[in-house]
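Shown next, in structure tokens, is the structure this report addresses.
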Amino acid sequence: MPEFSCVLWDVDGVIADASAGILPRLREVFTSYGMQPPAPEELARWIGPPMYESFQRSGMTVDQSLEAVARYRELAARDGYAASVAIYPGVPEVLRAVRDAGIPQSTASSKPENQVIAILDHYELKDLFTVVAGSLPDPRTGGNEDKATVIGRALTLLQAAGADVSRPVLIGDRVHDLEGAAHYGIPVIFAEWGFGEPDEAEGAILRVSSAADLSRELLS
């Protein structure tokens, strides 16, 4: 029997690489505020964490950051949520193998849920998941939900669908994935092909450098 009873997947940096479309939109948003846009080498820090927090770290007020996120999402909707998004090689095969092994799986992404669904639908991956969970608006902050909240909802949805959530694992690539999973005592497998720095993997139970390695760890 596989070690894990269900699998939670981060999306950006684990399943999908949306970086080609992110930087041009960020440039457009920052320019609209008369601010210097991030350099290409700074892009990695924008992928994964809640975007309104990243705008604040770049010098915006809370209100400006929330407005900037809204502007960014208008641009993403204009371009198409699946535009300039690539799926990492081998990951669809892992998703299918996990599904075929009878292991329930869900996304648990800080990306807005409607964007997660659009990407999965575009690449015909949505049916491989028992449920889909992305970040929804959070009235407490005015932004979107944090990672821990999304993970909690993913577990609730899986359980409601009849899945065994007693031994979950999260596949992630950033430190906020580990921090969110820690709220529930969930182990994390760190995908080294994503956007995280090596030190962000501290606390992960495993590091994998390829989809083939991940498949072996999930299905052995």
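Since the structure is predicted, the reported quantities are computational estimates derived from the model, not experimental observations.
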Specify the closest pair of heavy atoms between [X] and [Y], including all atoms of both residues, with the distance to one decimal.
X    : Y    : value
A181 : V188 : CB-CG2, 3.5 Å
A101 : L219 : CB-CD2, 3.8 Å
V94  : A211 : CG2-O, 3.4 Å
A154 : L8   : CB-CD2, 4.2 Å
M35  : S58  : CE-O, 3.6 Å
S5   : S166 : OG-N, 3.5 Å

How long is the gap from [atom1] on [X] to [atom2] on [Y], to the nearest 0.5 Å?
X    : Y    : atom1 : atom2 : value
E53  : S110 : CD    : OG    : 8.5 Å
D127 : L120 : CG    : CG    : 10.0 Å
I189 : L206 : CD1   : CG    : 5.0 Å
I171 : E217 : CD1   : CD    : 9.5 Å
F129 : I117 : CZ    : CD1   : 11.5 Å
S106 : L158 : OG    : CG    : 5.0 Å

*Would you sort out whether R153 and E113 count as a salt bridge (Lys or Arg N to Asp or Glu O under 4.0 Å), showing the intermediate values?*
CA-CA 12 Å; R153 191 169 68 258; E113 191 168 284; 3.3 Å; yes

_For the residue pair T61 / D63, report whether a side-chain donor-acceptor contact shorter than 3.5 Å exists._
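Per modelled atom types, D63 and T61 side chains form no pair under 3.5 Å.
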
*Taking C-beta and beyond as the side chain, do R71 and Y33 meet within less than 4.5 Å on heavy atoms?*
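They are in side-chain contact.
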
*For R216, which residues count as a salt bridge (charged side-chain N to carboxylate O under 4.0 Å, His left out) partner, sequence neighbours excluded?*
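Here the qualifying residues are D213.
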
For [Y], is there any backbone N or O sitting under 3.5 Å from a side-chain donor or acceptor partner on [X]?
X    : Y    : value
T107 : V132 : no
R207 : E192 : no
Y123 : V85  : yes
D173 : V14  : no
K147 : A108 : yes
Q105 : L128 : yes
S65  : V62  : yes
Y184 : A148 : yes

Same apolar cluster: [X] and [Y], side chain cutoff 4.5 Å:
X    : Y    : answer
I151 : F4   : no
V7   : V150 : no
L125 : V131 : no
L214 : V169 : yes
V165 : W9   : no

*Do the ring planes of Y88 and W193 sit parallel (below 30°), tilted (30 to 60°) or perpendicular (above 60°)?*
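Tilted.
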
Could you list the donor-acceptor pairs under 3.5 angstrom formed between side-chain atoms of residues 22-30 and any protein atom two or more places apart in sequence or on another chain?
residue, atom, partner, partner atom, Å
R25, NE, D79, OD2, 3.0
R25, NH1, Y72, OH, 3.4
E28, OE2, R78, NH1, 3.4

*Answer yes or no: are there more than 12 heavy-atom neighbours, outside D164 itself, under 6.0 Å from its atom CG?*
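Above 12, so yes.
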
*Determine, stepwise, if the pair R73 / Q115 fulfils side chain to side chain contact (heavy atoms under 4.5 Å, CB included).*
CA-CA 10 Å; R73 290 180 180 159; Q115 296 185 28; 4.0 Å; yes

_Candidate pair F190 and I205, rule side chain to side chain contact (heavy atoms under 4.5 Å, CB included), full reasoning_ = CA-CA 8 Å; F190 192 85; I205 59 167; over 6 Å; no

*Between K111 and D12, is a salt bridge (Lys or Arg N to Asp or Glu O under 4.0 Å) present by the stated rule, with each step listed?*
CA-CA 7 Å; K111 182 183 284 294; D12 282 332; 3.2 Å; yes

*side chain to side chain contact (heavy atoms under 4.5 Å, CB included) between S19 and F195: does it pass, once the steps are laid out?*
CA-CA 10 Å; S19 58; F195 294 95; 4.0 Å; yes

